[in-house]
Amino acid sequence: MRSGGKLNLAALASGNGSNLQALINECEAGRIDARIAIVISDNPDAKALQRARKHSIQAVALEREKFGLREEFDSALADAAEEAGADLVCLAGFMRLVSPAFLDRFNGWVVNIHPALLPSFPGLKAQKQALDYGVKISGCTVHFVDEGVDTGPIILQSAVEVLPDDTVETLSARILKQEHLLYPKAIQLIAKGAVKPGSGRKAISHY
Ligand code: GRF
């Protein structure tokens with residue numbers, strides 16, 4: 001658990017891991033009072049795992065197919081994060097829902113980043129949902145994870161303008177840039193004790 005005053009993070013990522021990279025960079029630069037203890041992926045080919053190895057961070061692939069019940073998979077995920085001493089689990093493009101049992105193992109200390117201004121456009125393809133709906137402003141949200149899909153208490157949000165000629169690609173790229181600023185900022189709020197889970201919908205007690 002907390003070592004040298006730093007929050008120990010376990011990051012769960014299925015793909016590219018650009019948000020993971022932003023967290024790694026900010027931790028290494030000392031702008032977040034945290035260290036990434038482990039990166040876990042359900043995809044052995046995830047670039048996120050390569051990024052972790054490049055920074056000498058423990059990188060573990062756990063493939064869903066190798067486990068029977070979902071509970072067994074989730075419990076292996078939680079075991080790996082716990083053995084690495086994680087205080088906080090950061091979902092960073094992890095393409096699976098985590099179970100209530102997983103959340104219990106971390107007493108709610110699990111956060112996620114979502115590419116829309118929740119509660120609008122939860123779930124998959126949030127940027128496409130926003131474009132299809134025709135909103136003029138979208139953005140990204142960092143929130144605690146609860147049992148629903150992108151429904152947990154909001155920690156921070158950042159707004160991004162939707163331009164008339166935006167495609168899913170251009171809008172996603174503009175939002176992703178903001179994600180890379182927002183996620184580290186939210187983790188630092190948690191690391192310095194300004195935000196805690198379990199305090200209702202208003203996750204922030206003081207800045
Ligand atoms: C991001 O858009 C994030 O909001 C969503 O999944 C994407 C992951 O991107 N949850 P990356 O793997 O961090 O580049």
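Atoms within a ligand are numbered from 1 in the order they appear, just like the ligands themselves. Heavy atoms only: backbone and side chains are in, while hydrogens, waters and symmetry mates are out.
D45 contributes atom CG, which lies 12.0 Å from atom OG of S14 (distance to the nearest 0.5 angstrom).
In this structure, I137 places its CD1 atom where only 12 or fewer heavy-atom neighbours from other residues, nucleotides or ligands lie under 6.0 Å away.
Taking a cut-off of under 4.0 Å to the non-hydrogen atoms of G93, the atoms of ligand 1 that pass are 6 (O), 8 (C), 10 (N). Distances below 4.0 Å separate heavy atoms of S18 from the following atoms of ligand 1: 11 (P), 12 (O), 13 (O), 14 (O).
The closest donor-acceptor contact from the side chain of D150 to the backbone of G123 lies under 3.5 Å. One N or O on the side chain of T167 and one on the backbone of T170 form a donor-acceptor pair closer than 3.5 Å.
Considering backbone and side-chain atoms alike, I113 places an N or O below 3.5 Å from some N or O of ligand 1. Residue contacts with ligand 1: L176 is placed with no nitrogen or oxygen under 3.5 Å of a nitrogen or oxygen of the ligand (distance criterion only).
With contacts defined as side-chain heavy-atom distances shorter than 4.5 Å, the pair Q50/K47 qualifies.
Ranking protein heavy atoms by distance to atom 13 (O) of ligand 1, first place goes to N19 N, 2.8 Å. For atom 12 (O) of ligand 1, the closest non-hydrogen atom on the protein side is G17 N, 2.7 Å. Among all non-hydrogen protein atoms, the one lying nearest atom 1 (C) of ligand 1 is E179 OE1, 3.1 Å.
Both F102 and F73 are part of a single hydrophobic cluster, where members link through side-chain heavy atoms under 4.5 Å apart.
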